[in-house]
Visitor: 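One structure coming up, written as structure tokens, with questions to follow.
All values below come from the heavy atoms of this structure, side chains included, with hydrogens, waters and symmetry mates left out.
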Amino acid sequence: QAQLVESGGGLVQSGGCLRLSCAASGSISSIYTMGWFRQAPGKQRELVAVISSGGSMNYADSVKCRFTISRDNAKNTVYLQMNSLEPKATAVYYCYADIRTSDLARSGSWGQGTQVTVSS
């Protein structure tokens with residue numbers, strides 16, 4: 001079993017910044033794609049950014065040039081640096097990771113979510 005634990009959410013004023021972190025733990029053999037999704041009230045969960053094990057990144061058009069995803073493979077951790085935040089970024093942010101555990105099973109895992117609120 002693998003677990004993902006997020007941190008770094010909170011309340012910030014419009015134009016401000018936050019850095020989210022997500023650490024994977026458990027009986028992990030390999031971690032493939034890691035990423036961030038978000039779900040605003042009354043809306044579907046949507047992709048924010050993903051990063052492959054090799055470092056290739058993809059972003060939602062709405063966050064390009066303002067958000068940066070990165071990962072530290074030695075720490076099994078993925079980060080999301082969010083700059084120039086706007087109120088429309090308010091959502092619960094979820095970490096995702098494609099993980100192969102020590103028993104060789106492979107599946108997607110989700111964190112519990114962290115609230116990001118941007119005030120105008």
Visitor: Drop me the distance from Ser7's OG to Leu20's CG, to the nearest 0.5 angstrom.
Guide: 8.0 Å

Visitor: Looking at every non-hydrogen atom in both residues, tell me the closest pair between Ser53 and Asn73 and how far apart they are.
Guide: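 In terms of heavy atoms, the two residues are closest at O-ND2, 3.6 Å.
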
Visitor: How long is the span from the NZ atom in Lys88 to the OG1 atom in Thr90, to the nearest 0.5 Å?
Guide: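 OG1 of Thr90 is found 11.5 Å from NZ of Lys88.
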
Visitor: Can you name the nearest heavy-atom pair linking Ser62 to Arg38, along with the distance?
Guide: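 Minimum heavy-atom contact is OG-NH2, 3.4 Å.
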
Visitor: Tell me the closest heavy-atom pair linking Ile51 and Ser70, and the distance in Å.
Guide: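 For Ile51 and Ser70, the tightest heavy-atom pair comes out as CD1-CA, 4.0 Å.
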
Visitor: Drop me the distance from Met82's CE to Phe67's CZ, to the nearest 0.5 angstrom.
Guide: 5.5 Å

Visitor: Do Met34 and Tyr32 belong together in a cluster built from hydrophobic side chains that touch within less than 4.5 Å?
Guide: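 Each belongs to a different hydrophobic cluster.
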
Visitor: Can Val50 be reached from Ile31 by stepping across I, L, V, M, F, W or Y side chains whose heavy atoms are under 4.5 Å apart?
Guide: no

Visitor: Going from OG on Ser27 to CD on Gln1, what distance comes out if it is rounded to the nearest 0.5 angstrom?
Guide: 8.5 Å

Visitor: Compute both the distance and the angle, then confirm whether Arg45 meets the cation-pi test with Tyr94: under 6.0 Å from the six-membered ring centre, within 45 degrees of the axis.
Guide: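 Flagged: Arg45 positioned over aromatic ring of Tyr94.
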
Visitor: So, for Gln81 and Cys17, which heavy atoms are closest and what is the spacing to 0.1 Å?
Guide: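 Looks like NE2-CB, 4.0 Å.
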
Visitor: Strictly by salt bridge (Lys or Arg N to Asp or Glu O under 4.0 Å), give each pair with a member in residues 68-78 just once, sequence neighbours left out.
Guide: none

Visitor: About how many Å separate OG of Ser25 and CD of Gln3, when rounded to the nearest 0.5 Å?
Guide: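 So the CD of Gln3 and the OG of Ser25 are separated by 4.5 Å.
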
Visitor: Please find the pair of heavy atoms, one from Leu4 and one from Ala97, that lie closest to each other, and give the distance.
Guide: CD1-N, 3.7 Å

Visitor: Is there a side-chain contact between Thr68 and Tyr59, using heavy atoms and a 4.5 Å cut-off?
Guide: yes

Visitor: Mind checking whether Ile69 and Val92 sit in one hydrophobic cluster, side chains of I, L, V, M, F, W, Y counted as touching below 4.5 Å?
Guide: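 Result: no, two separate clusters.
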
Visitor: With a cut-off of 3.5 Å and sequence neighbours excluded, list every side-chain donor-acceptor pair involving residues 106-118.
Guide:
unit_1, atom_1, unit_2, atom_2, d
Arg106, NE, Asp98, OD1, 3.1
Arg106, NE, Asp98, OD2, 3.2
Arg106, NH2, Asp98, OD2, 2.7
Gln112, NE2, Glu6, OE1, 3.4
Thr114, OG1, Gly9, N, 3.4
Gln115, NE2, Ala91, O, 3.4
Gln115, NE2, Thr117, OG1, 3.3

Visitor: Do Val5 and Val78 share a hydrophobic cluster, counting only Ile, Leu, Val, Met, Phe, Trp and Tyr and linking them when any side-chain heavy atoms are less than 4.5 Å apart?
Guide: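 No, because Val5 and Val78 fall into different hydrophobic clusters, even though each may have its own neighbours under 4.5 Å.
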
Visitor: If hydrophobic clusters are built by linking Ile, Leu, Val, Met, Phe, Trp and Tyr wherever their side-chain heavy atoms come under 4.5 Å apart, do Leu80 and Phe37 end up in the same one?
Guide: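 Hydrophobic grouping puts Leu80 apart from Phe37.
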
Visitor: Nearest heavy-atom pair of Leu104 and Arg100: which atoms, and what distance?
Guide: O-NH1, 3.0 Å

Visitor: How many angstroms lie between CH2 in Trp36 and OH in Tyr79, if you round to the nearest 0.5 Å?
Guide: 10.5 Å

